[in-house]
Amino acid sequence: MARPRRIAFVSEHASPLELLGGEDAGGQNVYVAETSRQLARLGYAVDVFTRRAAADAPDVVAFAPGVRVVHVPAGPARFVAKDALWPLMPAFRDHLLRFARRGGARYDLLHGHFWMSGWVAAEAGPALGAPVVQLFHALGTTKRRHQGAADTSPPDRIAAERRIARAADRVVAQCPSERDELLADYGAAPERIAVIPAGVDTVRFRPVPQEEARRRLGLGPDDLTIVYVGRLLPRKDIRNIVRALALLRHRADLPVRLFVVGGEGAEPDPLVTPEIGAVQRLAAELGVADRVVCTGKRQPDELRWYYGAGDVAVTTPWYEPFGLTPLEAMACGRPVVGAAVGGIAYTVVDGATGALVPPRDPAALAERLAFLLARPGLRAQLGAAARARVEREFTWVRTAQRTAALYDEVLRERRATSDERRAGAPPVWGVGPLAAAPDEASE
């Protein structure tokens, strides 16, 4: 019997074992967890290499059948913000290589997640004789464009990303706008970019009876409710939703309630999550403090009740690489009003599964919400279409199937190239080691 193909997932800061909603724990953790699990069900063996962030973390943890998490000793065994991890990447790479050689784990392919892991994968791949697939999850040029001086990324990030984009056998873009950015900002070869969107767990995130969901949250059956679920960061622009809420109350005379679900702790503590304080202060200034409920962090199994209690889910960041929470809301049968940016403009179909509005435009958001809140029949229609779109295009099974097909393509090309080299033909192209280590990467 042939051995299963073994894949090394490299995810330096986002462990599939991490609880969601805290600092640096979000969509990438979910992606790594769900995709690795589904790839294992397709017959792959997956090792997820992630940095040891706790002294008592075992060296290797069985995460799911066919999936192991390997804790890499790079830097202190405690939480370190991801933007401070770059100097630790050579040690991360060296441990991955030692683990592979000492344990006899021959990896058929390395899959980097985020730019620092991409550097590790592109360095380690040639040493292990394995091709490299890269998924950035977010691009430095886009972050710098939108955040400017507030961008805390290491100065080397964009130069390293450009090298990784050239070195990898394939780069995965999660949506067409990311593909366009890879082409325009990084000079990536179009034939080496594959668009594979992330997915959502359609069992965990599913429609529930709205009356039951509202009863759980202490709401009346007829309370108009919108819900935001996600990390509480300035770029997510929950303040834009609060401003729209004030317009709905004071201009349209709609007593709408907003649930803000997320934060660093289970309680909505502004000291722990500063953005909660900013949202609460703004709500008080605009006279809608009594209509805004900040819940604190909730775990995935609880979230369907929050989505289910809402009439509409709202997310209007000023930039978003992809965005998993719109898919969660859609899977729960809720229409989504989202900013027409990044992945949201791809997953939400304006007028079919929800609505798209410009970012940083509370008047446009309020107008669209007023329209939908006055039409329960339309909301039901959009919500049903949203669920159907997710089931058709955005499940983790589909993501894994598309990823496995990409792996097959890359491995076929690698075998063909090896055969040509053995026959004396000149090399076509392949992965080469990156020229610069973290302490010297510059362009």
Quiz item: Any side-chain heavy-atom pair from Leu39 and Tyr407 closer than 4.5 angstrom?
Solution: yes

Self-check item: Flag, side chain of Tyr186 to backbone of Thr141, donor-acceptor distance under 3.5 Å
Solution: yes

Quiz item: Mind checking whether Met89 and Glu123 have side chains closer than 4.5 Å, heavy atoms only?
Solution: no

Practice problem: Starting at CD1 of Ile226, measure out to CG of Leu373 and round the result to the nearest 0.5 Å. | Solution: 7.0 Å

Quiz item: Looking at side-chain heavy atoms only, is the closest gap between Phe92 and Met116 below 4.5 Å?
Solution: no

Quiz prompt | Member of Arg415, Arg5, Arg414 meeting the salt bridge (Lys or Arg N to Asp or Glu O under 4.0 Å) criterion with Asp408 | solution = Arg5

Quiz prompt | Full working for side-chain contact (heavy atoms from CB on, under 4.5 Å) between Thr202 and Phe394 | solution = CA-CA 9 Å; Thr202 54; Phe394 299 112; over 6 Å; no

Quiz item: Between the side chain of Ser117 and the main-chain N/O of Glu12, is any donor-acceptor distance below 3.5 Å?
Solution: yes

Quiz item: Taking 4.0 angstrom as the limit, do Arg291 and Asp223 come out as a salt bridge?
Solution: no

Quiz item: Per the side-chain hydrogen bond (donor to acceptor under 3.5 Å, both in side chains) rule, which among His137, His13, Gln28, Gln134 passes with His113?
Solution: His137

Quiz prompt | Ring centre gap for Phe49 and Phe99 strictly below 6.0 Å | solution = yes

Self-check item: Sidechain-backbone polar pair: Ser36 side chain, Ala33 backbone, donor-acceptor under 3.5 Å
Solution: yes

Practice problem: Quick one: pull up CZ in Arg298 and CZ in Phe259 and give me the separation to the nearest 0.5 Å. | Solution: 10.0 Å

Quiz item: More than 12 heavy atoms of other residues, nucleotides or ligands under 6.0 Å from CD of Glu409: is that the case?
Solution: yes

Quiz prompt | Heavy-atom closest contact (Val69 atom, Ser15 atom, distance) | solution = CG1-OG, 4.4 Å

Exercise. Return the minimal non-hydrogen interatomic distance between Gly342 and Cys175, and the atom names on each side.
Key: C-SG, 4.1 Å

Quiz prompt | Any donor-acceptor pair under 3.5 Å from Arg68 side chain to Val60 backbone | solution = no

Practice problem: Please tell me if the side chains of Arg215 and Glu211 come closer than 4.5 Å, counting only heavy atoms from C-beta onward. | Solution: yes

Quiz item: Does CD in Gln401 sit with more than 12 non-hydrogen atoms of other residues, nucleotides or ligands closer than 6.0 Å?
Solution: yes

Quiz item: Counting distance only, does the side-chain N/O of Asn29 pair as donor-acceptor with the main-chain N or O of Pro16 below 3.5 Å?
Solution: no

Practice problem: Please report the C-alpha distance between Leu96 and Val72 in whole Å, then the side-chain angles of each, then the deciding distance to 0.1 Å, and finally whether the side-chain contact (heavy atoms from CB on, under 4.5 Å) criterion is met. | Solution: CA-CA 7 Å; Leu96 187 156; Val72 176; 5.8 Å; no

Quiz item: Quick one: are Leu365 and Val337 in side-chain contact, heavy atoms under 4.5 Å?
Solution: yes

Quiz item: Salt bridge between Asp108 and Arg6, side-chain N to carboxylate O under 4.0 Å?
Solution: no

Self-check item: side-chain contact (heavy atoms from CB on, under 4.5 Å) between Gln280 and Val292, worked out
Solution: CA-CA 8 Å; Gln280 291 173 334; Val292 177; 5.9 Å; no

Quiz prompt | Salt-bridge criterion met for Arg304 and Glu328 (N-O under 4.0 Å) | solution = no

Exercise. Under the side-chain contact (heavy atoms from CB on, under 4.5 Å) rule, what do Glu178 and Thr142 come out as? Steps first, then yes or no, please.
Key: CA-CA 9 Å; Glu178 186 179 5; Thr142 308; over 6 Å; no

Quiz item: Does Gly199 offer a backbone N or O that forms a donor-acceptor pair with the side chain of Glu34 under 3.5 Å?
Solution: no

Exercise. Establish, from distance only, whether the side-chain atoms of Glu264 and Thr273 form a donor-acceptor pair under 3.5 Å.
Key: no

Quiz item: Distance under 6.0 Å and angle within 45° of the ring axis: does Arg235 meet both against Tyr319?
Solution: yes

Exercise. Work out which heavy atom in Ser177 is nearest to a heavy atom in Gly343; give both atom names and the distance.
Key: OG-N, 4.4 Å

Practice problem: Mind checking the OH-CG spacing from Tyr228 to Leu245? Nearest 0.5 Å is all I need. | Solution: 15.5 Å

Quiz prompt | Salt bridge flag under 4.0 Å for residues Asp185 and Arg145 | solution = yes

Quiz item: Do you know which two heavy atoms are closest between Thr225 and Ala309, and how far apart they sit?
Solution: CB-O, 4.0 Å

Quiz item: Counting heavy atoms not belonging to Arg249, are there more than 12 under 6.0 Å from its CZ?
Solution: yes

Quiz item: So does Arg170 pair up with Glu413, basic N to acidic O under 4.0 Å?
Solution: yes

Practice problem: In plain terms, say whether Glu393 and Arg402 are close enough for a salt bridge, that is, a side-chain N and a carboxylate O under 4.0 Å apart. | Solution: yes

Quiz item: Any side-chain heavy-atom pair from Leu286 and Arg243 closer than 4.5 angstrom?
Solution: yes

Quiz prompt | Close side-chain approach of Asp169 to Val133, heavy-atom, < 4.5 Å | solution = no

Quiz prompt | Heavy-atom pair of closest approach, residues Leu382 and Pro335 | solution = CB-CB, 3.8 Å

Self-check item: Point-to-point distance, once rounded to the nearest 0.5 Å, from CG of Leu254 to CG of Leu369
Solution: 9.5 Å

Quiz item: Is it true that a side-chain atom of Arg334 and a backbone atom of Gly308 form a donor plus acceptor pair closer than 3.5 Å?
Solution: yes

Practice problem: Taking all non-hydrogen atoms of both residues into account, name the closest pair between Pro359 and Pro317 and its distance. | Solution: CB-O, 3.7 Å

Quiz item: Rounded to the nearest 0.5 Å, how far does CD of Glu320 lie from OH of Tyr346?
Solution: 15.5 Å

Exercise. Show the numbers, then the answer: is there a salt bridge (charged side-chain N to carboxylate O under 4.0 Å, His left out) between Arg281 and Glu285?
Key: CA-CA 6 Å; Arg281 288 190 297 273; Glu285 292 169 10; 6.0 Å; no

Quiz item: Rounded to the nearest 0.5 Å, how far does CG of Leu406 lie from NE2 of His111?
Solution: 8.0 Å

Quiz item: With a cut-off of 6.0 Å (strictly less than), are more than 12 heavy atoms of other residues, nucleotides or ligands near CG of Asp301?
Solution: yes

Quiz item: Within the distance-only criterion (no hydrogens, no angle test), does the side chain of Arg192 pair as donor or acceptor with the backbone N or O of Ala168 below 3.5 angstrom?
Solution: yes

Quiz prompt | Test: Arg387 and Glu391 ion pair at under 4.0 Å | solution = yes

Quiz item: Would a distance-only check, ignoring hydrogens and angles, find a side-chain to backbone donor-acceptor pair under 3.5 Å from Thr399 to Ile196?
Solution: no

Quiz item: Is there side-chain contact between Val30 and Trp396, with heavy atoms separated by less than 4.5 Å?
Solution: yes

Exercise. Without swapping roles, check the side chain of Arg206 against the backbone of Val203 for a donor-acceptor pair under 3.5 Å.
Key: yes

Quiz item: Between the side chains of Ser153 and Asp151, does any donor sit under 3.5 Å from an acceptor?
Solution: yes

